Undergrad: 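The structure under discussion is supplied below as structure tokens; questions concerning it will follow.
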Amino acid sequence: MKRSWNPYLAGALTGLLLVLSVAVAGQYFGASTTFARGAAAIEQTAGVDTSRYEYFSTKGGKYGPDSLPNWQLLFVVGIALGGLGASLASGTFEIKRVPDMWAARFGDRPLWRNLTAFAGGVVLIIGARLAGGCPSGHGLSGLSQLAVSGFVALAFFFGGGWVSARLLYGKGGER
Amino acid sequence: MMSLLYGLVSGILFGVLLQRAEVLRYDRQVGALRLMDMTIFKFMLTAIMVASVGIYFLKDMGLVSLSLKEAAFGAQIVGGTLFGIGWGLLGYCPGTAGGALGEGRLDAAWGLLGMLAGGAVYAAIYPALKATVLGLGKVGKVTLPQVMGVSHWVVIAAMAILFLAMFRLFEKKGL
């Protein structure tokens, strides 16, 4: 069972899952908003007055601390549980501090990898919230609806990612 | 309550599909940005092909409605590029980072923390963004077939042909 599933087949099943989710629950896939909402909830728990921030009260508090828990939070948590369960069941669960590709280029010290991952997470969410979605919301859900916003966003997600990967790894695709 | 359950169940199923197709992995994600390994695009574009047919079929039957994000070129170009840069640094996206942690990739935890921090930063700088980038080039909640004035089935068919041609290229080049 260690062998991976064909990406076309797994993708087709994901397409069916999205259609089912829209038909049954009325929900399109998305993930990035949860991190803005999560930040709001953490700030509120820490005693910060989140009403100071216009973003958390805009659109009737759609992004505010009281919007949780909701469908998308559970969706994001579910992905983590699905990843854990499937990796354990297939024998592919593996505690890894540094990805192989990163280690081959930058060495296997977790410090630099973790700092870069943290910085990447910060930049990526600012970008996703600006753009109004991530590869789930704009990519999967947006393109499936043929949304103009989805096509534009996905093109620039990939363009920005290409530049970023090229700056880190240089030209050429040697493995 | 049902909505939370739907979110959890679809998240788990999505997480299983992502994990078994190895889409959660840093090496696959950055591999795509380096044009070395197109696994994540095979997965994503197949999902979009299937979901676009399903969603528009059900919409034509009057059973589901679209949930479009507004096309705003300023926000999607600047935000999309920023997202991409962060994505290249982190090597996981908001949907996959939790799943990657689930399969034991500890660097993903730093990415998740970064995303929460990014949510807080975004809320803090939102007023400045609203006054500038967010207002640029807004064209409303539109779909490609609406803009082109053609049937959505024409666009779905054209998109499918384009994606299939891309898949053929990927397989021919062994990507």
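Below, each value reflects all heavy atoms present in this structure, side chains not excepted, and no hydrogens, waters or symmetry copies. Naming convention: chains lettered A, B, ... in sequence-line order (proteins, then strands); numbering from 1 in each chain. If you're wondering where the values come from, they're calculated on a predicted model, not measured in any experiment.
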Undergrad: How long is the span from the OH atom in Tyr6(B) to the CH2 atom in Trp71(A), to the nearest 0.5 Å?
TA: 12.5 Å

Undergrad: If only atom types and distance count, is the side chain of Ser149(A) paired as donor or acceptor with the main-chain N or O of Lys69(B) below 3.5 Å?
TA: yes

Undergrad: Who among Gly11(B), Gly31(B), Gly111(B), Gly95(B) has the most heavy-atom pairs with chain A under 4.5 Å?
TA: Gly11(B)

Undergrad: Nearest 0.5 Å, please: how far is OG1 in Thr14(A) from CG in Leu17(B)?
TA: 4.0 Å

Undergrad: Compare all side-chain heavy atoms of Val78(B) with those of Phe156(A) and state whether any distance is below 4.5 angstrom.
TA: no

Undergrad: Any idea which of Ala97(B), Ala108(B), Pro127(B), Gly99(B) has the most non-hydrogen atom pairs under 4.5 angstrom with chain A?
TA: Gly99(B)

Undergrad: So Val9(B) and Phe75(A), do their side chains get closer than 4.5 Å, heavy atoms only?
TA: no

Undergrad: Identify which of Gly7(B), Gly74(B), Gly118(B) forms the greatest number of heavy-atom pairs closer than 4.5 Å to chain A.
TA: Gly7(B)

Undergrad: Is it true that Lys96(A) and Glu103(B) have a side-chain N and a carboxylate O under 4.0 angstrom from each other?
TA: no

Undergrad: Using non-hydrogen atoms only, which part of Tyr92(B) is less than 4.5 Å away from chain A: side chain, backbone, both, or neither?
TA: both

Undergrad: Is there side-chain contact between Thr46(B) and Pro7(A), with at least one heavy-atom pair below 4.5 Å?
TA: no

Undergrad: Taking Met101(A), Arg52(A), Gln27(A), Gln72(A) one by one, which has the highest count of heavy-atom pairs under 4.5 Å against chain B?
TA: Met101(A)

Undergrad: Between Leu13(B) and chain A, which part of the residue has a heavy atom less than 4.5 Å away: side chain, backbone, both or neither?
TA: both

Undergrad: Working to the nearest 0.5 angstrom, can you tell me the gap between Leu143(A) CG and Ser52(B) OG?
TA: 8.5 Å

Undergrad: Do the two ring centres, one from Phe35(A) and one from Tyr122(B), sit under 6.0 Å apart?
TA: no

Undergrad: Looking only at non-hydrogen atoms, find the nearest pair between Phe93(A) and Gly102(B) and report the distance.
TA: CE1-O, 3.2 Å

Undergrad: Should we count CZ of Phe57(B) as having more than 12 external heavy atoms under 6.0 Å?
TA: no

Undergrad: Can you tell which of Val152(A), Asn114(A), Asp100(A), Ile126(A) has the highest number of heavy-atom pairs within less than 4.5 Å of chain B?
TA: Asn114(A)

Undergrad: Would you indicate whether the side-chain heavy atoms of Met44(B) and Leu154(A) approach each other to under 4.5 Å?
TA: yes

Undergrad: Does any backbone or side-chain atom of Leu24(B) lie under 4.5 Å from a heavy atom of chain A? Answer side chain, backbone, both or neither.
TA: side chain

Undergrad: How many angstroms lie between CD in Gln146(B) and CG in Leu146(A), if you round to the nearest 0.5 Å?
TA: 9.5 Å

Undergrad: What's the shortest heavy-atom distance between Leu82(B) and Leu130(A), and which atoms?
TA: CD1-CD1, 4.1 Å

Undergrad: Select one option (side chain, backbone, both, neither) describing which atoms of Leu18(B) are under 4.5 Å from chain A's heavy atoms.
TA: side chain

Undergrad: Count the heavy-atom pairs under 4.5 Å between each of Val50(B), Ile156(B), Leu33(B) and chain A, then report the option with the highest count.
TA: Leu33(B)

Undergrad: Would you please indicate if the ring centroids of Tyr126(B) and Tyr53(A) are separated by under 6.0 Å?
TA: no

Undergrad: Tell me, out of Ala36(A), Gly30(A), Ala153(A), who's got the most heavy-atom pairs with chain B below 4.5 Å.
TA: Ala153(A)

Undergrad: Could you tell me which non-hydrogen atom of Thr92(A) sits nearest to which non-hydrogen atom of Gln19(B), and how far apart they are?
TA: OG1-NE2, 2.9 Å

Undergrad: To the nearest 0.5 Å, what is the distance between CG on Leu106(B) and CD1 on Ile95(A)?
TA: 5.0 Å

Undergrad: Which atom names give the shortest non-hydrogen contact between Tyr55(A) and Ala123(B), and what distance separates them?
TA: CB-CA, 3.9 Å

Undergrad: For each of Ala80(A), Pro69(A), Ser21(A), tally heavy-atom pairs with chain B at distances under 4.5 Å, and name the one with the top tally.
TA: Ala80(A)

Undergrad: So which part of Glu70(B) gets closer than 4.5 Å to some heavy atom of chain A, the side chain, the backbone, both or neither?
TA: backbone

Undergrad: Could you tell me which portion of Ile125(B) (side chain, backbone, both or neither) has an atom closer than 4.5 angstrom to a non-hydrogen atom of chain A?
TA: side chain

Undergrad: Applying side-chain hydrogen bond (donor to acceptor under 3.5 Å, both in side chains) as the test, list every pair that has at least one member in residues 147-174 of chain B; sequence neighbours left out.
TA: Tyr8(A)-Glu171(B), Lys42(B)-Glu171(B), Asp60(B)-His152(B), Asp60(B)-Trp153(B)

Undergrad: What part of Thr58(A) is in contact with chain B, defined as an atom under 4.5 angstrom from a non-hydrogen atom: side chain, backbone, both or neither?
TA: side chain

Undergrad: Give, as side chain, backbone, both or neither, the part of Arg97(A) having an atom under 4.5 angstrom from any heavy atom of chain B.
TA: both

Undergrad: Check Ala71(B) against Val148(A) and note the closest heavy-atom contact, atom names and distance.
TA: CB-CG1, 4.0 Å

Undergrad: When you look at Leu140(A) and Phe14(B), which way does the side-chain contact (heavy atoms from CB on, under 4.5 Å) test go after all the steps?
TA: CA-CA 12 Å; Leu140(A) 266 182; Phe14(B) 188 35; 3.9 Å; yes

Undergrad: What part of Met49(B) gets within 4.5 angstrom of chain A, counting heavy atoms only: side chain, backbone, both, or neither?
TA: neither

Undergrad: Answer yes if the side chains of Ser4(A) and Arg20(B) hold a donor-acceptor pair under 3.5 Å, and no otherwise.
TA: no

Undergrad: Pick from Ala31(A), Ala119(A), Ala86(A): which one has the most heavy-atom pairs with chain B under 4.5 Å?
TA: Ala86(A)

Undergrad: Can you tell which of Gly119(B), Gly54(B), Gly114(B) has the highest number of heavy-atom pairs within less than 4.5 Å of chain A?
TA: Gly114(B)

Undergrad: What I'd like to find out is whether the side chain of Met115(B) reaches to under 4.5 Å of the side chain of Leu124(A), using heavy atoms alone.
TA: yes

Undergrad: Are Leu58(B) and Val22(A) packed together at the side-chain level, in the sense that at least one heavy-atom pair is separated by less than 4.5 angstrom?
TA: no

Undergrad: Determine whether Trp110(B) and Thr116(A) satisfy the following criterion, side-chain contact (heavy atoms from CB on, under 4.5 Å), listing intermediate values before the conclusion.
TA: CA-CA 9 Å; Trp110(B) 291 91; Thr116(A) 310; over 6 Å; no

Undergrad: Less than 4.5 Å to any heavy atom of chain A: does that hold for the side chain of Val64(B), its backbone, both, or neither?
TA: side chain

Undergrad: Decide yes or no for Thr96(B) and Ile79(A): does some side-chain heavy atom of the first lie under 4.5 Å from some side-chain heavy atom of the second?
TA: no

Undergrad: Taking Val98(A), Leu84(A), Val123(A), Leu74(A) one by one, which has the highest count of heavy-atom pairs under 4.5 Å against chain B?
TA: Leu74(A)

Undergrad: To the nearest 0.5 Å, what is the distance between CZ (Arg34(B)) and NZ (Lys171(A))?
TA: 13.5 Å

Undergrad: If you compare all heavy atoms of Ala51(B) against all heavy atoms of Ser144(A), which two are closest, and at what distance to 0.1 Å?
TA: CB-OG, 3.3 Å

Undergrad: What do the steps show when you test Lys130(B) against Glu54(A) for side-chain contact (heavy atoms from CB on, under 4.5 Å), and what is the final call?
TA: CA-CA 10 Å; Lys130(B) 199 175 115 182; Glu54(A) 183 188 350; 2.4 Å; yes

Undergrad: Between Ile48(B) and chain A, with a heavy-atom cut-off of 4.5 Å, which part of the residue counts as in contact: side chain, backbone, both or neither?
TA: both

Undergrad: As a quick check of understanding, evaluate side-chain contact (heavy atoms from CB on, under 4.5 Å) for Cys134(A) and Phe83(B), giving each step before the final call.
TA: CA-CA 8 Å; Cys134(A) 62; Phe83(B) 177 91; 4.0 Å; yes

Undergrad: Going by heavy atoms in the side chains, are Asp107(B) and Pro99(A) under 4.5 Å from each other?
TA: yes

